[in-house]
*Asks:* 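This structure is in structure tokens; I'll ask about it shortly.
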Number of protein chains: 2
Amino acid sequence: MINSSILLKEYNLKVTPQRVAIVDELYSNGHMNIDELYKKLLEKFPSISLATIYKNVNAMVEKVFLNEVKIPDAKSVYELAKEEHSHLVCSSCGMIEDIMIDTSILQSSIKAQSAFKIQNVDVVFSGLCKSCQK
Amino acid sequence: MINSSILLKEYNLKVTPQRVAIVDELYSNGHMNIDELYKKLLEKFPSISLATIYKNVNAMVEKVFLNEVKIPDAKSVYELAKEEHSHLVCSSCGMIEDIMIDTSILQSSIKAQSAFKIQNVDVVFSGLCKSCQK
DNA sequence: CTGGGTGCAAAGTATTTGCATGAAC
DNA sequence: GTTCATGCAAATACTTTGCACCCAG
């Protein structure tokens, strides 16, 4: 479990039931797009507005405690910020999985080629998950 | 230079001046979003429609001779398909640069962790380009 | 000729904004 | 009590579609 209220407070966001639910859902589902969040929260808050989802997700992304993950050929999904990691995306079923990889090798490769100063690396692997390979 | 007509024919797309211009622009500018393409083509075709841009870009992406590149905190850009490469994106000026990196190390790291079958890897480095570091 | 592309207008989808009310602190 | 979130409706932005006309092959 996760203590969503404390988390929200730490980021100077007022603790509302809707926000708690957003954090809880993302905690249990890992990655969700706006629509999935909306449909899920409708179960708990029958009159919740899509605008509320957008406003809150945007606010949390601003505070850098949610990340937006851009996926090829799909809508962006959101996840709770955590240590740096990459993503596996199944192009058949859409499943998204976190994976730890060491990107330091890549970064040193860049340094050798360019004067670019890297602040962040996004890596998305697309392919087939175990069950979709059958 | 590039022979856009031949390229279009190879991909079974009729050769129209608008399409040639799209290919030429992407060839000379490297990466452009829909709006940049539209504004640029307006110079040559004052009555070109945004719909034409969308239809053609989508058609070319279908034929896999354009790629869509999703960029953090920015609109997608399109580029002519070429050998696999990664992208450097300057978060200050928006400049996008191609870079060759060897992703095979990453891929073997995945194999060790997961039964996932990788078909594609997208890598985007965000940071500061040389001139924006000053 | 014939098929498909173009531009326009309209429809559709996605996202943001303004505002009155109500909840959090 | 004050600040800020919510839900609603409207506005804006983005993308696709239908269709009449025209061009490429």
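In this text the structure is predicted, and so the values were computed from the model without any measurement. By convention in this document, chain letters (A, B, ...) are assigned in the order of the sequence lines, proteins followed by strands, and residues within each chain are numbered from 1.
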*Asks:* State the CE-CG distance between A:Met60 and A:Leu26, to the nearest 0.5 angstrom.
*Replies:* 8.0 Å
*Asks:* Taking the side chain of A:Val15 as heavy atoms from C-beta outward, which of C:dG7, C:dT16, C:dC25 is closest to it?
*Replies:* C:dC25
*Asks:* Check this one for me: any side-chain N or O of B:Tyr54 less than 4.0 Å away from OP1 or OP2 of D:dT16?
*Replies:* no
*Asks:* Taking the nucleotide of DNA chain D with the closest heavy atom to each, which residue, B:Leu13 or A:Asn12, is nearer the 5' end?
*Replies:* A:Asn12
*Asks:* Roughly how far, to the nearest 0.5 Å, is the CZ atom of B:Phe116 from the CE atom of A:Met95?
*Replies:* 5.0 Å
*Asks:* Without decimals, in angstroms, what is the distance between A:Lys63 NZ and D:dC4 P?
*Replies:* 10 Å
*Asks:* Between OG1 of B:Thr16 and CG of B:Asn56, what distance do you get to the nearest 0.5 Å?
*Replies:* 6.0 Å
*Asks:* Please determine, for the side chain of B:Thr16, which listed nucleotide (C:dT15, C:dT16, C:dG5) has the closest atom?
*Replies:* C:dG5
*Asks:* Nearest whole angstrom, please: distance from the C1' of D:dC14 to the CD1 of B:Ile53.
*Replies:* 14 Å
*Asks:* Nearest to the side chain of B:Gln18 - C:dA24, C:dT6, C:dA14?
*Replies:* C:dT6
*Asks:* Does the side chain of A:Lys9 get closer than 4.0 angstrom to OP1 or OP2 of C:dA24 through an N or O atom?
*Replies:* no
*Asks:* Within the 3.5 Å criterion, strictly below it, is a donor on B:Ser76 or B:Glu68 matched to an acceptor on the partner's side chain?
*Replies:* yes
*Asks:* Given that B:Ala51 and B:Lys14 both sit by DNA chain C, which one's nearest nucleotide is further toward the 5' end?
*Replies:* B:Lys14
*Asks:* Any side-chain N or O of A:Asn58 under 4.0 Å from OP1/OP2 of C:dT16?
*Replies:* yes
*Asks:* Within the modelled atom types, does a donor on one side and an acceptor on the other bring the side chain of A:Lys55 and the base of D:dT6 under 3.5 Å apart?
*Replies:* no
*Asks:* Base, sugar-phosphate or nothing for A:Pro17? Non-hydrogen atoms, less than 4.0 Å.
*Replies:* sugar-phosphate
*Asks:* From CD1 of A:Ile48 over to C1' of C:dA23, roughly how many Å is that when rounded to an integer?
*Replies:* 14 Å
*Asks:* Please work out which of the three classes, parallel, tilted or perpendicular, describes the rings of A:His87 and A:His31, given edges at 30° and 60°.
*Replies:* perpendicular
*Asks:* Between D:dT6 atom P and A:Tyr38 atom OH, what is the distance in whole Å?
*Replies:* 14 Å
*Asks:* Could you give the NZ-to-P distance, from B:Lys70 to D:dC14, as a whole number of Å?
*Replies:* 15 Å
*Asks:* Indicate, with a heavy-atom threshold strictly under 4.0 Å, whether B:Thr52 touches base, sugar-phosphate, or nothing.
*Replies:* base
*Asks:* Nearest-Å distance, CG (A:Leu8) to C1' (C:dA24)?
*Replies:* 12 Å
*Asks:* In whole angstrom, give the distance that lies between atom CG of B:Leu50 and atom P of C:dG12.
*Replies:* 19 Å
*Asks:* Without decimals, in angstroms, what is the distance between A:Ile22 CD1 and D:dA5 C1'?
*Replies:* 11 Å
*Asks:* Using a heavy-atom cut-off of 4.0 Å across all strands, would you classify B:Ile34 as base, sugar-phosphate, or nothing?
*Replies:* nothing
